[in-house]
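Accompanying notes for the structure given below.
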Amino acid sequence: MPPNLLAGRLKIRHVLLIDAIARRGTLVAAADDLSVTQPATTRALRELEEVLGVSLYDRHSRGLSPTLFGEAFAAHAQAVVSQIRQAGTHVAQLRNADLGTVSIGVHLTGSNALVPRAVEALKTRHPRLTVQLNEAWPRRLLSELASGRLDLVVGRLAQPTDEHFIRVPLHDEVVSLVVRTEHPLAGRDGIDLSELSDYPWIFPNAGARLRGELDQFFSVRSIPLPATGSRPLPTSRRDTCSSPRIRSPRGRHPSTRDCRGW
């Protein structure tokens, strides 16, 4: 028979602990997040595992790794915490009508143009509303969104989400290939795609999402991947269709093609 979690043995502190471990990754970090001692979190985790009758985490020298049961219970715990936070927010909004706080998670893609305009429009309509912006990596933002700490996230989210999330495409991006003004490709029209692999490139790091898209761009067209330059550098991205624009650093656009034309 399944454990009766409504009999009183399951406490809200157990749920908060699992939520904190899922977000922070270790008992030490979870204890810090909850402002309790590590022995207290160890004891609470042991109590919860006794209530459930299963082991939620495998213990090893590097910390904890969730078991199948741990992953399943963590998902429910985060949903419960999120609902409790939303309940408190809902009551506060009903009490204060036009007062309140909107917490927005942003990643680099969405923070430079979309978010400032949206915040300006929102503050125009609701001047007494407080808007909080939180910048982090997508994985962390999704975790904060699931826990209810964020109301929405604007950015480039590569991780898949389930039915508990609503994803709305806001815009496409164009990848720009920047060359010096004296480069052989600068100033030319009608550049053949195969020519792109004739010159060394400076690519994003191997683990970057854009690097994977560039690798795929060349692979599906059976074009050899260009040789890499000396080292990877940060890449500027704006409005993505996985197609390059070639431009010179002085603002000239010698060869610009619409995404649909590639």
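Distance check, rounded to the nearest 0.5 Å: CG of Asp32 to OG1 of Thr26 gives 9.0 Å. Taken from CD1 in Ile104 to CG in Leu133, the straight-line distance is 5.5 Å, to the nearest 0.5 Å. Once rounded to the nearest 0.5 Å, the distance linking CG of Leu145 with CG of Asn134 reads 11.5 Å. Remark: Leu5 CG to Lys11 NZ distance equals 12.5 Å, nearest 0.5 Å. Separation of atoms OG (Ser147) and CZ (Arg85) is listed at 6.0 Å; rounding is to 0.5 Å.
Hydrophobic clustering, with ILVMFWY side chains joined whenever heavy atoms are under 4.5 angstrom apart, groups Ile12 together with Ile21. A chain of hydrophobic side-chain contacts below 4.5 Å, direct or via other Ile, Leu, Val, Met, Phe, Trp or Tyr residues, connects Leu122 to Leu170. When hydrophobic clusters are built by joining Ile, Leu, Val, Met, Phe, Trp and Tyr residues whose side-chain heavy atoms come closer than 4.5 Å, directly or via intermediates, Leu150 is not grouped with Ile84. Hydrophobic clustering of Ile, Leu, Val, Met, Phe, Trp and Tyr side chains at less than 4.5 Å, counting indirect connections, keeps Trp137 apart from Val153.
Here the side chain of Thr124 pairs a donor or acceptor atom with the backbone of Glu120 at under 3.5 angstrom. The main-chain N or O of Leu56 is found under 3.5 Å from a side-chain atom of Glu49 such that the two form a donor-acceptor pair. Put simply, the side chain of Asp151 gets close to the backbone of Ser103: a donor and an acceptor are under 3.5 Å apart. Panel note: side chain Arg211, backbone Pro204; a donor-acceptor pair is recorded below 3.5 Å. In this structure, the side chain of Ser143 does not engage the main chain of Arg23 through any donor-acceptor pair within 3.5 Å.
In this structure, the side chains of Leu17 and Leu48 stay at 4.5 Å or more apart for every pair of heavy atoms. Contact of the Leu196 side chain with the Leu177 side chain is registered, since non-hydrogen atoms from C-beta on lie closer than 4.5 Å. Annotation: side chain of Gln78 is not in contact with side chain of Val81 (no heavy-atom distance under 4.5 Å). Residues Arg59 and Leu64 have side chains in contact (heavy-atom distance under 4.5 Å, counting atoms from C-beta outward). The shortest distance between side-chain heavy atoms of Leu45 and Ile18 falls below 4.5 Å. The closest side-chain heavy-atom distance from Pro66 to Phe73 is not below 4.5 Å.
The number of heavy-atom neighbours closer than 6.0 Å to CZ of Phe69, taken from other residues, nucleotides and ligands shown, is 12 or below. In this structure, Ile166 places its CD1 atom where only 12 or fewer heavy-atom neighbours from other residues, nucleotides or ligands lie under 6.0 Å away.
Summarising the geometry of Ala30 relative to Arg24, their closest heavy-atom pair is N-CB, 4.1 Å, with the distance given to 0.1 Å. Minimum heavy-atom separation, Leu52 to Pro3: O-CG, 4.1 Å. The two residues Asp215 and Leu225 come nearest to each other via the heavy atoms OD1-CD1, 3.5 Å. Here the closest heavy-atom approach between residue Ser197 and residue Pro226 is recorded as CA-CG, 3.8 Å. Nearest approach of Val106 to Val115, heavy atoms of both residues: CG1-CG2, 3.6 Å. Nearest heavy-atom pair, Ala186 versus Val179, reported as atom, atom and distance to 0.1 Å: CB-CG2, 4.1 Å.
Ring planes of Phe218 and Phe203: perpendicular class, angle over 60° (limits at 30 and 60°).
Both tests hold for Arg221 against Phe217: distance to the six-membered ring centre under 6.0 Å, angle to the ring axis within 45°.
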If you apply the rule side chain to side chain contact (heavy atoms under 4.5 Å, CB included), what do you find for Leu193 with Ile223, and how did you get there? CA-CA 8 Å; Leu193 290 179; Ile223 301 174; 3.7 Å; yes
Could you give me the CA-CA distance, side-chain angles and deciding distance for Glu144 and Arg140, then say whether salt bridge (Lys or Arg N to Asp or Glu O under 4.0 Å) is met? CA-CA 6 Å; Glu144 296 290 292; Arg140 176 66 181 272; 3.4 Å; yes
